[in-house]
Amino acid sequence: MTREPLDSGSPERELLPTATPARTRAAVLELLRPHRGLAVGGFAVMVGATAIGLLTQPLLGHIVDLVASRSAVDSLTVPVVLLVIVAVVQGGATGLGLSLIARLGETALARLRERFVGRALRLPLEQVEKAGSGDLTARVTADVSQVAEAMRTALPELARSVLVIVLTMVALAVVDWRFLLAALLAVPIQAYTARWYVRNAVPLYARQRVAGGAQQQQLLESIGGAATVRAFRMEDEHVTRVTERSRRAVDLTMRGVWLVLRFYSRLHVAEYLGLAAVLVAGFLMVRGGLTSIGTATAAALYFHGLFGPVNTALVLIDDAQSAAASLARLVGVIDQPEPAPRTAEVTASPEEAVAVAGLAHAYEPGRPVLHGIDLSIGQGERVALVGASGAGKTTLARLIAGVHVPAEGSVRLGAGERVAMITQDVHVFAGSLADDLRLARPDATDEDVRDALSRVDALTWAETLPEGLDTIVGEGGHRLTATQVQQVALARLILTGAPIAVLDEATAEAGSAGARVLEKAIDQAIEGRTALIVAHRLSQAVTTDRVVVMDDGRIVQTGHHTDLHTADGPYATLWKTWTGHRPTDSPTACDTDPAEAHGPADPLLLPRSAGSPEPSDPSAVSESPDRRDN
Amino acid sequence: MGGGRDVLWRTVRGQRRDVLVGSLLGACHQAGEVAVPVLIGVVIDEAVGPGDLTALLTWLAVLAAVYVALSMSFRYGARAGERAAEQAGHELRLQIVRRVLDPRGGAEHGRLPGALATIATEDAKRVGAVNMAAMMGIGALAGVLVGAVVLLRISLPLGLLVLLGTPLLLFAGHLLSKPLERRSEAEQERAAHASGVAADLVSGLRVLKGIGAEVPAVDRYRRTSRESLAATLRAARAEAWQYGMVLALTGGFIAIVALIGGRLALQGDITLGQLVSAVGLALFLLGPLEVFSWVNAELAQGRASATRIADVLNAPTAIVAGTGSDGLFEADTPPHPDPRSVRADRSSHPNGGPPEADAAPGPHGDGRSAMAGVGSDRAHLGSFPRPVRGELRLRSVRCDGLALDLHVSPGEVLGVVATDPAYATVLVRCLGRHVDPEAGVIELDGVPFTDVDPAELRTRILVAEHDADLFEGTLRGNVAASEPMLDRVLVAAGVDEVARGLPLGVDTPLIERGRSLSGGQRQRVALARALAADRQVLVLHDPTTAVDTVTEARIADGLREIRQGRTTIVVTTSPALLAVTDRVVLLNDGRVADAAPHAELVRRNTVYRAAVLS
């Protein structure tokens with residue numbers, strides 16, 4: 001129920017498309033078409049079952065007539081036996097009809113959700129991100145379950161009620177058209193009440209959902225952040241926030257309750273008027289000799305029997321409406337065109353794994369984040385991409401990985417090359433650890449899986465999990481640490497067998513100590529692969545073949561760490577700041593680095609002056625939208 | 001013992017007025033519903049049969065009056081019941097939140113935030129709904145009693161037939177559906193699994209795309225969906241046949257009532273109208289009787305939910321609040337760092353269970369007073385000399401393998417480097433009083449932590465954890481700095497740059513707990529908030545792991561400057577941050593291995609160099 005509060009942040013959200021009502025109807029018919037026989041059969045059986053059930057009232061009326069005419073006691077046998085037969089047949093037919101309809105509905109529903117998920121997972125990431133991560137999640141959870149719920153409970157009940165209402169009307173007409181006329185007196189009130197209800201209920205329930213979502217969000221926030229709340233002494237503030245959200249949800253619920261209760265009051269008026277009219281009609285017709293007491297009784301019973309179905313049908317109208325809205329959102333995604341496959345253009349030389357030429361990109365028009373990038377990465381080469389935040393590293397990495405389509409220029413891969421990318425966005429898929437890893441290669445043997453884990457130093461802990469590799473991890477399962485999660489991601493990368501690996505700050509979330517474990521794991525994971533590593537920990541850059549320094553969407557320096565960190569230039573500045581901005585630290589900083597020594601360090605006991613090395617260009621470190629992607 | 005029952009009882013008692021009103025009106029409504037079929041019979045008998053217009057008009061007027069009464073009593077009764085349910089749920093929700101946020105902690109132990117949030121919403125709602133169920137149950141009982149009286153007055157044998165037959169009928173239906181129900185429940189669960197898998201795959205969409213695993217993921221989902229379809233179909237079929245069976249049984253029962261009633265009428269024992277009433281009542285009584293089984297189910301669910309809520313409310317605290325106090329601020333529940341000992345202790349409570357009023361320590365008792373009482377009269381507790389100097393001393397502290405003696409001078413900027421990150425976490429947790437050390441004392445300005453109310457302590461010392469959460473609100477609201485302080489804090493933490501990249505600058509709302517920002521941006525905002533709190537002692541744990549090098553260096557300088565004269569401890573392995581500290585303590589294997597300025601350690605200590613620079 002987190003659908004609503006998500007779009008409050010960015011005014012420029014482009015939600016995923018919603019289908020038109022006509023298209024939604026067509027999509028539903030398309031889903032049902034293969035099951036035409038089932039649909040017709042199910043409906044016919046339900047009509048039959050309802051019709052048979054409606055024989056009960058005339059049979060009871062007949063018994064009343066028999067009593068009124070003082071017939072023999074034995075004469076009751078026939079109508080009573082008929083009543084029993086009606087009951088049994090009606091029960092059997094209803095059971096059959098309902099199970100046929102459930103089969104129809106559930107099968108169609110399963111196909112709908114499979115097509116939706118199939119389509120949703122292949123949407124371009126850019127489109128999903130523009131819509132906000134919540135949009136797709138809300139559709140796959142709230143909308144799918146709304147449709148399912150309607151299909152399972154609301155629709156059969158609505159169909160049954162409507163059938164009973166329609167057939168009862170027919171039966172009343174068959175008994176005597178004048179009874180039908182009397183009964184119809186209730187209809188204008190009911191119709192008006194239903195319209196009034198839907199008009200008020202739909203917006204109210206939408207607000208209720210928003211309030212419910214906001215309450216849930218607040219609870220998750222206050223409870224999930226309890227440690228922070230306590231540390232900052234924000235307990236009172238958060239209790240107040242929860243109180244407000246909860247109060248609001250309760251108030252709206254009470255308004256909904258009051259609306260429903262007023263709705264029922266109006267229906268009571270309709271009930272009374274209809275019942276009185278049928279009784280008056282019966283009175284007049286019996287007095288005029290137009291009908292028997294038994295028939296009048298049957299008519300009154302018919303009408304009394306309508307109370308339930310009418311109320312049900314009217315209450316379910318808005319369920320059906322919101323299910324239709326959800327369905328439109330699902331069909332909207334299903335109807336999205338297939339994304340164009342990655343261009344098949346390959347690099348000129350087989351030695352070249354990636355060739356980037358004249359690449360430029362902007363997430364929003366007028367705010368370019370990359371300008372004229374040319375970069376060639378050789379087979380098996382390891383390249384580190386460094387620079388301040390907002391320099392365009394992530395964007396370049398994503399363009400090379402094929403996540404985005406470049407606005408200008410081209411990215412070509414070597415023949416038969418594939419790219420796998422790991423970012424700081426991590427996810428452990430719910431299920432067993434082995435299943436999670438097999439997403440990368442479904443036919444991986446146990447040996448392959450263990451091998452991949454062991455290459456990233458994860459086999460040891462994986463085997464000590466409660467049930468080893470079969471331990472359920474992810475949502476609701478065993479919790480892995482940030483470092484372990486990233487190790488799993490690296491093991492997946494190994495299993496994909498993709499010759500090119502792109503790693504975008506894959507160590508960022510693990511904390512400083514975890515980062516070191518991960519750096520080793522990364523080293524082992526990318527062995528034998530072409531690798532592009534976006535790094536903010538420069539120790540990762542030291543071991544690569546080539547360092548590419550980016551600033552403000554351009555490549556400003558390339559070369560090997562050994563050459564760059566001593567040469568004057570942006571990399572040397574980065575390196576100094578990374579090692580604690582004492583030029584004197586670097587000699588001993590890194591054993592792999594036989595650089596010259598300077599004098600001893602300044603005493604570090606004094607407060608620092610502001611004169612330490614700063615990036616020369618302030619715009620170099622400004623944030624650009626590519627850093628806001630999660 | 002009886003924690004759940006206690007919660008339930010307080011829930012009903014807390015709303016007793018609404019529950020009482022609801023029950024009375026509910027009973028009126030049910031009586032009215034009984035009267036309708038009876039009146040139909042009377043109209044047939046008195047008006048339609050003899051053709052008496054006056055009688056017709058009279059009885060129609062009576063019917064109208066009955067309708068007004070039943071409609072109004074339903075309207076106001078149901079409102080009272082729902083209000084009682086919602087209000088009780090609301091109050092329970094707040095009790096749970098207060099308990100979770102209690103400065104002494106402990107409620108989150110062994111529970112995921114999502115699970116706690118579910119307890120605060122779903123379980124609170126379920127327990128609240130017991131009020132509505134109680135009201136409905138009482139109403140239905142009234143309906144059955146009125147129906148019974150009417151039926152028995154019409155005819156003893158017919159009345160007995162209906163009164164004994166309807167429960168029997170329901171019981172038979174129940175019996176028939178029992179095995180089906182159990183199966184369908186299990187299968188519904190399997191069905192729900194499919195939607196969980198889909199949501200999970202969508203939230204891992206970036207990861208899937210990164211490794212090109214969309215197709216295997218779709219295949220996996222299709223398999224789950226198919227399995228779930230098969231399960232759902234079995235459940236749906238079972239339900240359909242169960243419904244058909246109940247329908248057949250009800251019809252058969254009506255036939256029997258008609259047979260016996262018809263015979264009685266033919267024998268002249270009852271009138272024609274009474275026959276009609278009896279058939280109508282037989283149909284009607286199924287309603288309130290079904291309510292009973294619904295109430296039963298609601299109560300069972302309510303009990304289970306109440307137990308879960310009681311477990312949270314009675315959860316032992318993680319730390320003691322001021323043991324040096326004389327009872328002004330006594331802990332209602334003793335602390336139990338070991339969750340296994342919880343149950344044993346609760347059952348061995350001196351009175352066999354705490355008295356009702358303070359059975360749930362979190363809510364109105366300590367939870368609230370702990371928050372409200374800060375800053376008021378704390379004379380009974382250990383308190384700090386004013387002004388606070390910010391001198392921190394750890395004396396022989398033992399905690400989870402950590403063994404530490406440490407002195408931090410007032411105003412010192414101290415770096416702490418742990419070769420094993422687990423010890424860094426333990427130290428941070430001790431300083432933030434998530435736990436108290438197993439042995440030894442931590443003192444702030446000479447006052448032991450355990451002598452002080454944790455809430456009071458946290459006004460002096462702030463421990464900003466690595467994974468601190470941001471909250472909903474604008475960036476400015478999250479940082480929560482006073483106006484003159486704001487700019488300095490933003491610059492020091494590098495948030496000025498973050499704000500420049502956002503559409504509305506510092507007034508941009510942060511959504512999804514700051515998930516709209518990148519990891520590095522979130523960290524900087526969290527750091528700015530920690531600096532803005534301006535506590536005498538600030539402990540930062542890995543504050544810049546996701547921040548780029550250039551910014552990190554800037555932050556290090558800003559931090560040094562803005563914390564001028566106030567004690568600051570930075571637990572990190574970042575060389576840029578360590579370079580601005582006065583002194584660094586190296587923890588190896590949970591013990592102090594060395595202590596010196598950063599540059600010196602880099603020069604002479606290889607362990608340190610490995611920990612910080614490799």
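Just so we're on the same page: letters track the sequence lines, and every chain starts at 1. All figures in this text were calculated on a predicted structure; none of them were measured in a lab.
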side-chain contact (heavy atoms from CB on, under 4.5 Å) evaluation trace for B/Ile254 with A/Leu60:
CA-CA 9 Å; B/Ile254 296 300; A/Leu60 287 173; 4.3 Å; yes
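- When heavy atoms are compared at a cutoff of 4.5 Å, B/Leu275 approaches chain A solely by way of its side chain, counted from C-beta outward.
- Only the backbone of A/Ser71 comes within less than 4.5 Å of a heavy atom in chain B; its side chain stays farther off.
- Only the side chain of B/Arg93 comes within less than 4.5 Å of a heavy atom in chain A; its backbone stays farther off.
- In terms of heavy-atom proximity, A/Ile293 sits nearest to B/Gly49 at CD1-CA, 3.8 Å.
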Any chance you could lay out the side-chain contact (heavy atoms from CB on, under 4.5 Å) test for A/Glu235 and B/Asp102, step after step, and finish with the verdict?
CA-CA 8 Å; A/Glu235 296 95 335; B/Asp102 185 299; over 6 Å; no
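- Interface remark: B/Val246 contributes no atoms to any contact with chain A (heavy atom separation under 4.5 Å).
- Side-chain atoms of A/Thr228 and B/Arg529, non-hydrogen and from C-beta on, do get closer than 4.5 Å to each other.
- At distances below 3.5 Å, not a single donor-acceptor pair connects side-chain atoms of B/Tyr243 with backbone N or O atoms of A/Leu98.
- Judged purely by atom type and a 3.5 angstrom limit, B/Glu108 has no side-chain atom pairing as donor or acceptor with the backbone of A/Ala226.
- Note: A/His268 and B/Phe74 have perpendicular aromatic rings, judged against thresholds of 30 and 60 degrees for the angle between ring planes.
- Note: A/Val67 leads A/Thr496, A/Val67, A/Val84 in heavy-atom pairs under 4.5 Å with chain B.
- Interface remark: A/Ala72 contributes backbone atoms only to the contact with chain B (heavy atom separation under 4.5 Å).
- Across all their heavy atoms, B/Ala198 and A/Val117 have their closest contact at CB-CG2, 3.9 Å.
- B/Arg220 touches chain A through its side chain: at least one heavy atom from C-beta onward sits under 4.5 Å away, while N, CA, C and O do not.
- Taking the side chain as every heavy atom from C-beta outward, A/Ser99 and B/Trp241 approach each other to under 4.5 Å.
- Residues B/Ser225 and A/Arg113 have side chains that bring a donor and an acceptor to within less than 3.5 angstrom of each other.
- Both the backbone and the side chain of B/Leu229 come within less than 4.5 Å of a heavy atom of chain A.
- Contact of B/Val100 with chain A is made through backbone and side chain together, with heavy-atom distances under 4.5 Å.
- When the candidates A/Ile63, A/Val73, A/Leu66, A/Val269 are compared by the number of heavy-atom contacts under 4.5 Å with chain B, A/Val73 comes out ahead.
- With a 4.5 angstrom heavy-atom cutoff, A/Ala498 does not touch chain B via any of its atoms.
- Counting heavy atoms from C-beta outward, A/Met421 and B/Ile211 have side chains that stay 4.5 Å or more apart.
- Residue B/Leu53 touches chain A through both its backbone and its side chain, counting heavy-atom pairs closer than 4.5 Å.
- Per-residue heavy-atom pair counts under 4.5 Å with chain B were compared for A/Thr94, A/Leu83, A/Val140, A/Thr107, and the maximum is reached by A/Val140.
- For a residue to count as touching a neighbouring chain, one of its non-hydrogen atoms must lie under 4.5 Å from one of that chain's; by this rule B/Phe471 touches chain A with backbone and side chain alike.
- Heavy-atom pairs under 4.5 Å with chain B were tallied for A/Gln218, A/Arg103, A/His238; the largest tally goes to A/His238.
- With a threshold of 4.5 angstrom between heavy atoms, A/Arg418 does not approach chain B through any atom at all.
- Considering all non-hydrogen atoms of both residues, B/Glu86 and A/Thr253 come closest at OE2-CG2, 3.4 Å.
- Between the side chain of B/Arg75 and the backbone N or O of A/Ser265 there is no donor-acceptor pair closer than 3.5 Å.
- Not counting sequence neighbours, the partners of B/Glu214 by the side-chain contact (heavy atoms from CB on, under 4.5 Å) test are A/Arg122, B/Lys209.
- Considering only heavy-atom pairs separated by less than 4.5 Å from chain B, the leading option among A/Thr297, A/Leu219, A/Ile223, A/Leu121 is A/Leu121.
- Residues satisfying the ring-ring contact (aromatic ring centres under 6.0 Å, His included) criterion with A/Phe232, sequence neighbours excluded, are absent altogether.
- Using a 4.5 Å cut-off between heavy atoms, B/His90 contacts chain A through both its backbone and its side chain.
- With a 4.5 angstrom heavy-atom cutoff, B/Ala265 touches chain A via backbone and side-chain atoms both.
- Judged purely by atom type and a 3.5 angstrom limit, B/Asp200 has no side-chain atom pairing as donor or acceptor with the backbone of A/Phe429.
- Contact count against chain B (heavy-atom pairs under 4.5 Å) is highest for A/Gln215 among A/Gln215, A/Arg287, A/Arg438.
- Using a cut-off of 4.0 Å between Lys/Arg side-chain N and Asp/Glu carboxylate O, A/Glu114 and B/Arg226 are scored as salt-bridged.
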